[in-house]
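A quick write-up on the structure given underneath.
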Amino acid sequence: MTPLISFLTALWAALRDRLRAVRIQPERGSLSVEQVIITVALIGIAVALVAVIANAVTSRSSSIQ
């Protein structure tokens, strides 16, 4: 039982320290609007590219016999 209590005490201390760090610097690790827009654009380009490749493979597979 003692190792479990020690583990939970250490876990609580680590969590408390992380929460204290977040309160001191609330914007640490947050994404900017520009990063979100760029990420969404890249995902859109990737989806479009996959659709184009899938369409090309489907159209070419009908010609293969």
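- Neither L19 nor L11 shares a network with the other; the hydrophobic side chains, linked directly or stepwise wherever heavy atoms of I, L, V, M, F, W or Y lie under 4.5 Å apart, form separate groups for each.
- Shortest non-hydrogen contact noted between S62 and S59 is OG-O, 2.8 Å.
- Note that CD1 of I38 and CG of L42 are 7.5 Å apart. Values are rounded to the nearest 0.5 Å.
- Heavy atoms only, all atoms of each residue included: S61 and T58 are closest at OG-O, 2.8 Å.
- Residue-environment remark: CZ (R60) stays at or below the threshold of 12 foreign heavy atoms within 6.0 Å.
- Counting heavy atoms from C-beta outward, L15 and W12 have side chains that approach closer than 4.5 Å.
- When the salt bridge (Lys or Arg N to Asp or Glu O under 4.0 Å) test is applied to R20, the partners found at least two apart in sequence or on another chain are D17.
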